[in-house]
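Computed from a predicted structure; not experimentally measured. The chains referred to below are lettered A, B, ... by the order of the sequence lines, with proteins before strands, and numbering in each begins at 1.
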Number of protein chains: 6
Amino acid sequence: MFHKPEMMDALADYESARYVIFGVPFDGTSSFRSGSRWAPDAMRQASENFETYNHHFDIDYQDLLIHDAGNLEHYSTVDDTLQELSFAVEPIVADGKIPIMLGGEHSLTLPCVKACAKYSEEDIGFVVLDAHFDLREEYSGVKYSHACVSRHILNEVTDKYVTIGVRSGPREEWTYARENGIKYYTPDNVREKGIKEVLSEIIDYLGSSKIYLSLDMDALDPAYAPGLGTPEPFGLSDIEVRDVIHSLAPRSIGFDIVEIAPEYDSGQTALLGTKMLREFIAAHASDDSKNSLNKRDK
Amino acid sequence: MFHKPEMMDALADYESARYVIFGVPFDGTSSFRSGSRWAPDAMRQASENFETYNHHFDIDYQDLLIHDAGNLEHYSTVDDTLQELSFAVEPIVADGKIPIMLGGEHSLTLPCVKACAKYSEEDIGFVVLDAHFDLREEYSGVKYSHACVSRHILNEVTDKYVTIGVRSGPREEWTYARENGIKYYTPDNVREKGIKEVLSEIIDYLGSSKIYLSLDMDALDPAYAPGLGTPEPFGLSDIEVRDVIHSLAPRSIGFDIVEIAPEYDSGQTALLGTKMLREFIAAHASDDSKNSLNKRDK
Amino acid sequence: MFHKPEMMDALADYESARYVIFGVPFDGTSSFRSGSRWAPDAMRQASENFETYNHHFDIDYQDLLIHDAGNLEHYSTVDDTLQELSFAVEPIVADGKIPIMLGGEHSLTLPCVKACAKYSEEDIGFVVLDAHFDLREEYSGVKYSHACVSRHILNEVTDKYVTIGVRSGPREEWTYARENGIKYYTPDNVREKGIKEVLSEIIDYLGSSKIYLSLDMDALDPAYAPGLGTPEPFGLSDIEVRDVIHSLAPRSIGFDIVEIAPEYDSGQTALLGTKMLREFIAAHASDDSKNSLNKRDK
Amino acid sequence: MFHKPEMMDALADYESARYVIFGVPFDGTSSFRSGSRWAPDAMRQASENFETYNHHFDIDYQDLLIHDAGNLEHYSTVDDTLQELSFAVEPIVADGKIPIMLGGEHSLTLPCVKACAKYSEEDIGFVVLDAHFDLREEYSGVKYSHACVSRHILNEVTDKYVTIGVRSGPREEWTYARENGIKYYTPDNVREKGIKEVLSEIIDYLGSSKIYLSLDMDALDPAYAPGLGTPEPFGLSDIEVRDVIHSLAPRSIGFDIVEIAPEYDSGQTALLGTKMLREFIAAHASDDSKNSLNKRDK
Amino acid sequence: MFHKPEMMDALADYESARYVIFGVPFDGTSSFRSGSRWAPDAMRQASENFETYNHHFDIDYQDLLIHDAGNLEHYSTVDDTLQELSFAVEPIVADGKIPIMLGGEHSLTLPCVKACAKYSEEDIGFVVLDAHFDLREEYSGVKYSHACVSRHILNEVTDKYVTIGVRSGPREEWTYARENGIKYYTPDNVREKGIKEVLSEIIDYLGSSKIYLSLDMDALDPAYAPGLGTPEPFGLSDIEVRDVIHSLAPRSIGFDIVEIAPEYDSGQTALLGTKMLREFIAAHASDDSKNSLNKRDK
Amino acid sequence: MFHKPEMMDALADYESARYVIFGVPFDGTSSFRSGSRWAPDAMRQASENFETYNHHFDIDYQDLLIHDAGNLEHYSTVDDTLQELSFAVEPIVADGKIPIMLGGEHSLTLPCVKACAKYSEEDIGFVVLDAHFDLREEYSGVKYSHACVSRHILNEVTDKYVTIGVRSGPREEWTYARENGIKYYTPDNVREKGIKEVLSEIIDYLGSSKIYLSLDMDALDPAYAPGLGTPEPFGLSDIEVRDVIHSLAPRSIGFDIVEIAPEYDSGQTALLGTKMLREFIAAHASDDSKNSLNKRDK
Ligand SMILES: [Mn+2]
Ligand SMILES: [Mn+2]
Ligand SMILES: [Mn+2]
Ligand SMILES: [Mn+2]
Ligand SMILES: [Mn+2]
Ligand SMILES: [Mn+2]
Ligand SMILES: [Mn+2]
Ligand SMILES: [Mn+2]
Ligand SMILES: [Mn+2]
Ligand SMILES: [Mn+2]
Ligand SMILES: [Mn+2]
Ligand SMILES: [Mn+2]
């Protein structure tokens with residue numbers, strides 16, 4: 001009769017869950033506009049807007065095993081936050097569940113990727129949608145800044161790495177990307193080739209690898225997502241991002257949506273992020289369901 | 001010297017008017033975000049932004065016979081509101097005028113459609129732009145909820161029914177639509193076929209029928225229309241909606257724009273809705289004027 | 001490590017709880033600006049702003065037995081909502097706990113008062129802070145409108161009734177109040193007599209009665225509480241309202257805070273409402289604790 | 001059944017009206033934040049919040065003869081606007097009605113005062129509530145700037161002049177005020193003496209004169225009125241301004257409320273301004289009614 | 001260690017500068033929503049969001065010679081403002097620098113174009129991106145209104161004139177444009193032909209002429225740029241405008257961005273405008289740099 | 001003709017300046033709402049609202065020697081920021097000038113106080129207006145959190161310490177304050193004693209000591225200052241804070257205003273903070289001027 005303010009349709013308890021959603025309200029290294037600390041709760045509120053049914057995949061979310069674990073406790077420093085997040089996310093992966101993180105800022109992706117890699121039998125890939133390379137070694141003295149997350153993943157986890165939507169970075173990052181043969185697609189590349197062709201190239205590149213998929217919402221054009229920490233014009237369309245998710249969710253063993261700053265719009269970006277989250281789950285479950293793994297008994 | 005805060009260019013009195021605009025500031029059944037009660041006045045204010053001339057149709061709105069009747073008095077319940085709206089709109093139709101309703105929520109469309117059907121010599125069709133099917137029999141115990149308006153029109157008025165932009169609904173609605181052979185176009189359908197082809201199919205389907213045209217603004221993508229009660233990503237573009245209006249206005253005997261929630265943006269959605277209203281009138285009058293019906297003597 | 005988005009310091013489970021907080025996100029009869037549906041979650045978010053310690057009462061909220069039950073499920077009509085709320089609140093009272101409702105609109109107070117009266121051994125009084133009398137029998141055809149709540153309580157529950165802060169109502173309500181000897185204090189009365197004297201008169205009037213205390217936030221001046229459904233200038237100060245709560249909480253067996261509309265400010269009113277909630281609990285627990293009822297084992 | 005978006009309770013036609021409300025949406029000389037052009041419509045919308053009954057004066061506004069004439073047409077320059085306003089307001093005064101202007105900016109007061117003076121048999125006084133002296137001869141080359149209105153009234157209309165709430169101005173204005181024996185009260189003066197004593201002095205000073213009363217909303221402290229063009233801290237309280245209106249309305253033959261900039265809050269200032277307008281009418285009508293002048297036949 | 005709140009990467013002093021940015025916070029003739037007075041500072045703040053490197057042109061802005069001169073002092077009338085702006089911009093052009101104006105409203109373009117024309121050895125062309133023709137001789141009595149700027153440029157400076165994005169104007173302007181053989185492209189024209197073809201036609205038309213390039217941000221669709229004085233639906237996309245700038249910047253001897261009204265969004269339009277400014281400088285400098293004119297010594 | 005976006009009336013260069021204003025846009029340890037990073041520029045913008053003349057002190061700010069040094073460069077961590085701020089502020093104090101810092105968050109006060117103490121011949125006192133004690137040794141692992149600034153000043157600089165407006169803190173802080181004989185005044189204390197009496201006690205306590213004065217804007221009630229990081233109801237009034245500044249500015253050798261979060265209102269708090277800054281300068285200069293130290297030659 002009463003219900004907690006959780007993500008809508010997250011009806012499963014932890015034990016039975018296939019998907020474990022959790023928020024991390026941390027934005028301490030955000031360089032321009034902060035406020036992604038408010039995104040997890042904004043996305044929970046936004047979720048009430050949507051129908052429980054996804055027509056594209058003919059899936060009702062209430063039939064799936066989704067759990068909302070709540071938010072990570074607040075820690076003041078990025079180092080403490082990453083460590084505690086690491087402690088929190090590892091058991092989820094160890095228990096064979098799909099972790100879905102709601103940022104907070106992009107730096108939070110690192111412990112999630114590492115947890116997924118640690119418990120994966122094979123090497124995993126990392127695919128990120130982002131306006132920014134996030135390839136710095138450090139950003140004004142902070143190693144684990146949100147502007148460095150991809151670099152640490154390359155250094156510490158995997159070099160099977162693809163970034164889509166990138167259009168901003170210092171010359172050093174573009175040089176680094178080129179010299180290290182990093183696979184990236186700018187929005188202009190996507191507009192020229194079409195997202196289908198881009199996805200086909202990426203799938204060739206990934207082979208049979210499982211991946212961790214990370215959606216920095218600033219990959220999207222600010223027309224679709226104005227509520228961001230570092231909005232960058234000339235971005236991807238909503239449909240392009242949706243196509244990436246539809247295509248890559250089935251092979252994903254972890255997912256996150258980061259960098260929404262809800263105080264800079266009236267719900268638009270949190271609504272779109274939440275929709276993307278739901279597309280991810282439906283696309284993943286649809287594939288899973290061919291192996292009948294994740295149905296909820298009603 | 002003084003002028004009332006009316007829709008700009010609504011210079012005709014009721015008697016001489018061909019188009020009668022009126023607002024219904026009611027949003028009592030809105031399920032997610034309410035506030036469409038403020039839309040009629042927001043659209044009047046927005047109208048001051050626009051030039052009196054429409055280049056596409058070579059029409060000056062000040063030459064047309066447009067009347068702004070004001071807003072329906074406030075009633076607290078949806079049942080009272082629909083009944084009073086029915087009393088208010090019927091005389092407009094009976095007097096041979098085109099009723100143009102500014103919602104308020106989508107439930108308000110029903111009495112307008114019924115009034116148009118009642119005074120039409122032939123059966124009329126119903127074309128609606130909407131992200132949602134609105135095909136429920138009732139929504140959490142409320143028969144005349146904004147989530148049910150299309151169902152009641154199908155049940156009570158006409159089954160010559162087309163919906164464009166639909167992308168959200170429970171499984172039951174999609175099943176109902178399929179099983180009842182309901183003609184619908186998702187935004188993905190529109191993107192694949194192109195709006196011209198879609199319109200060509202619709203026109204074939206409608207034959208020579210007159211229609212009532214209803215624009216639930218959430219048919220549009222939230223990038224164009226963020227100020228909505230239930231914003232749904234992956235929607236129609238502004239140009240696609242404009243093309244529908246240009247194409248179908250000439251055969252329309254009633255029109256409405258509903259579900260704008262002005263408190264969720266800074267005027268963007270009310271401005272676009274008002275522009276769509278003006279495109280409707282110009283497209284309709286342009287056709288009419290071939291039969292020289294609706295010119296204003298200056 | 002993860003925590004649900006609950007009211008801060010609500011650390012007790014239901015069974016051990018002395019105070020049971022719950023939200024009712026319903027604003028369906030709101031006549032001017034709606035949006036109190038968003039207040040319970042806004043107050044939970046606001047609670048993170050505050051220290052766990054209340055110096056005035058030398059109480060740490062984390063030592064108290066507070067439970068946050070979440071929000072009542074959504075129902076569309078006021079009648080359904082009041083009935084379900086009645087089903088939900090009665091067990092809380094029956095279990096000997098103090099129900100604390102976060103509205104939502106003022107109509108929601110009625111089932112809470114009735115539940116408290118039902119399980120009270122003696123007749124209870126009702127004290128309400130409100131800019132409005134809420135004494136109508138019905139409001140534009142709706143019996144259980146937020147504009148009628150006090151009348152129904154007078155009719156159905158108790159005539160030991162006091163209202164503080166009242167300054168708005170049709171002539172009929174002022175006449176009714178006068179003719180029925182209703183005890184009311186306008187803000188001008190409070191400014192003239194001083195809140196201490198007013199409270200002294202109220203305490204005389206109430207005798208030893210237990211009461212239900214209801215805080216319609218529009219009792220406060222809009223300078224303190226701009227985010228309201230029906231803001232009314234010339235209201236009570238924050239300190240005056242705090243003094244009422246400090247004085248009357250110890251004898252209260254139920255409490256609510258209603259009519260906050262968070263979309264009309266940037267958190268100011270939800271923050272103040274949440275502070276008032278915390279003052280209520282501290283004042284009540286401080287009195288209780290003299291009888292050592294409600295300490296939490298740590 | 002339909003009603004125009006007019007000021008609530010403005011039920012009289014022009015001919016029968018005692019009070020003629022009109023808006024002037026002009027803010028062209030506003031030096032810091034503009035936007036008072038949106039205030040008249042914002043105040044009309046705000047009026048729907050209030051009850052039709054004023055308890056203090058035992059008056060129901062629907063019994064009074066109030067007419068809302070709408071807004072003055074838009075002109076681009078202050079000179080054109082003042083001239084057209086002059087043409088518009090003079091007939092109202094000539095017809096023996098009380099003009100009530102909703103600004104727009106303070107410069108608009110001048111033609112209203114002049115019209116009142118022109119048709120008054122005796123010399124009139126001018127009382128203004130304002131944070132600013134508005135005593136400049138011109139402001140950066142613009143004679144009829146909102147920063148000069150009081151100077152022009154002193155020069156062209158009357159030197160029976162009182163300003164209340166003043167706290168800001170260049171040294172020249174303070175010197176001018178002192179050297180010309182201008183009667184002014186700062187908010188600190190009001191706090192020290194009390195508004196009752198201040199009003200007593202003002203009434204002595206005015207003798208039996210009729211006055212024009214002008215409320216620049218920035219007289220109020222920004223805590224009460226944040227939505228202003230030039231907000232000035234340390235201002236008057238809501239109650240102090242209300243007391244001035246209650247006291248001086250009965251002798252007023254014209255009134256205005258200016259300088260509300262609705263885009264800088266969420267309705268708070270327009271609501272308070274509208275309340276002050278209603279207090280003015282009730283206070284004036286209450287006095288009038290002793291001579292039974294202005295009752296509406298129902 | 002301290003730095004002034006200037007446009008980011010504007011590291012050069014005036015003497016060494018190739019690009020001189022300056023703001024003109026004036027919006028006195030704005031007809032619908034004002035507020036472009038706040039745009040220059042909003043764009044400076046937005047600039048901190050961006051990387052110093054432009055990948056498309058392989059240029060780091062910190063290597064260029066950019067100076068931010070600050071804002072023109074405030075004048076109250078458009079006539080004074082245009083005259084003072086003329087005095088301010090002429091020396092910049094005389095010194096062989098590229099003036100880049102941040103409006104403020106579109107009327108401010110006139111003195112900038114005239115200054116560029118005065119010091120140019122050959123006749124210059126004028127290319128403007130705008131939703132509006134701005135071809136009126138005067139607008140409600142104001143000659144130098146923002147609605148007239150293009151007409152004055154045609155009359156006083158050059159008839160080598162192209163406007164892109166136009167979609168709004170009274171019949172007279174469309175007639176004038178047609179009868180005077182004015183080269184214009186509506187957004188529908190651009191969508192039909194493609195921006196590449198449009199640019200090819202424009203380049204043919206311009207021949208080898210140098211131009212002044214003016215970006216009225218309302219050329220863009222409100223989905224990309226909601227924070228505008230007079231937003232007009234059905235506009236250009238961000239990519240189309242970027243393509244125009246990339247193509248025409250190399251031949252530009254002056255540039256401006258006008259009509260951003262920052263109070264009507266949360267930074268989106270100022271961010272996009274600032275990005276367009278940076279694209280202009282990079283495109284211009286990239287061309288220049290082939291003649292090694294504008295590198296900054298570090 | 002052009003002027004930089006500096007604090008209004010800051011007309012002096014550094015060398016001649018008596019008052020050196022600088023901003024520090026850092027909010028990295030803010031625990032609830034961040035955003036004070038935007039306050040320095042918001043205050044510069046707000047300053048344009050005010051007249052150059054202060055009547056209370058008969059001082060024109062343009063006659064004073066005020067310099068605006070701009071903002072401290074951005075550093076990511078609080079440790080780096082405090083160190084660089086220390087490097088930046090020490091020369092200002094060493095040069096005999098009055099440093100006036102615009103935060104940013106309260107942690108930034110520490111290096112300013114230390115710089116003032118270092119160059120003072122005698123021991124200095126510290127007076128802070130704050131809703132919070134800020135007496136923690138560390139806050140969730142961060143030593144130099146904004147919640148600890150007073151403790152570090154007590155530990156490292158002076159125990160001649162007074163805090164006014166305090167009303168929030170964990171039990172440990174209240175205990176620490178009591179056990180260490182810390183001189184504090186809650187708003188309730190101020191309301192009971194009156195601010196004059198409180199100031200008299202403080203002046204007795206300080207003796208002839210010079211002080212550093214710090215204004216955490218959350219000392220004020222949120223009715224006056226809603227745009228804060230951690231708003232706390234039941235605070236000081238605007239007049240009480242002004243009286244403290246008037247009284248203590250003359251003995252101050254450094255001053256700051258911190259914790260304004262401009263994104264949570266529409267300018268109200270930045271306007272009030274800027275006004276308080278101007279009151280500080282006028283009060284200080286007025287005293288100084290008796291010794292004719294700080295007049296600007298014009
Ligand atoms: Mn990123
Ligand atoms: Mn990014
Ligand atoms: Mn609908
Ligand atoms: Mn819909
Ligand atoms: Mn109530
Ligand atoms: Mn109320
Ligand atoms: Mn004034
Ligand atoms: Mn003023
Ligand atoms: Mn233009
Ligand atoms: Mn334009
Ligand atoms: Mn502090
Ligand atoms: Mn504080």
Side-chain angles (χ1 to χ4, degrees), chain D residues 24-42 71-85 87 103-107 134 136-149 170 226-231 259-266, chain E residues 24-42 71-85 87 103-107 134 136-149 170 226-231 259-266:
Chain D
V24 189
F26 177 82
D27 57 14
T29 78
S30 294
S31 44
F32 184 56
R33 309 194 298 200
S34 63
S36 62
R37 66 181 70 177
W38 308 110
D41 288 351
N71 288 339
L72 190 75
E73 209 180 314
H74 173 75
Y75 301 89
S76 288
T77 64
V78 65
D79 291 349
D80 287 354
T81 305
L82 295 189
Q83 177 161 20
E84 296 297 327
L85 175 52
F87 295 157
E105 55 171 57
H106 211 170
S107 58
D134 295 347
R136 286 162 160 103
E137 278 281 6
E138 62 164 50
Y139 184 77
S140 64
V142 178
K143 180 173 178 189
Y144 290 112
S145 165
H146 73 145
C148 311
V149 63
L228 296 169
T230 47
E259 296 286 344
I260 296 172
E263 294 171 329
Y264 292 94
D265 67 15
S266 296
Chain E
V24 189
F26 178 82
D27 58 15
T29 79
S30 294
S31 43
F32 185 55
R33 310 194 296 200
S34 63
S36 62
R37 65 182 71 178
W38 308 111
D41 289 351
N71 288 340
L72 190 75
E73 208 179 317
H74 173 74
Y75 300 90
S76 288
T77 65
V78 65
D79 291 348
D80 287 354
T81 304
L82 295 189
Q83 177 160 20
E84 296 297 327
L85 174 53
F87 295 157
E105 55 170 60
H106 211 169
S107 57
D134 294 348
R136 286 162 161 103
E137 278 282 5
E138 63 165 48
Y139 184 76
S140 62
V142 179
K143 179 171 178 189
Y144 290 112
S145 165
H146 74 145
C148 310
V149 63
L228 295 168
T230 48
E259 296 286 345
I260 296 173
E263 294 170 330
Y264 291 93
D265 66 14
S266 296

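For D:Arg37, the part lying under 4.5 angstrom from a heavy atom of chain E is the side chain only. For D:Ser76, the parts lying near chain E are the backbone and the side chain together; criterion is any non-hydrogen pair under 4.5 Å. Looking at D:Phe32, the atoms closer than 4.5 Å to chain E (heavy atoms on both sides) sit in the backbone and in the side chain alike. Of the atoms belonging to E:Tyr264, it is side-chain heavy atoms, and not backbone ones, that fall under 4.5 Å from chain D.
A side-chain donor from one of E:Thr29 and E:Glu105 sits under 3.5 Å from a side-chain acceptor of the other. Side-chain contact, E:Ser31 with E:His146: a donor N or O sits under 3.5 Å from an acceptor N or O.
For the pair D:Tyr144/D:Glu138, no side-chain contact is recorded, criterion being any heavy-atom separation below 4.5 Å from C-beta on.
Here the CG atom belonging to E:Leu82 is positioned 8.5 Å from the OG1 atom belonging to E:Thr77, to the nearest 0.5 angstrom.
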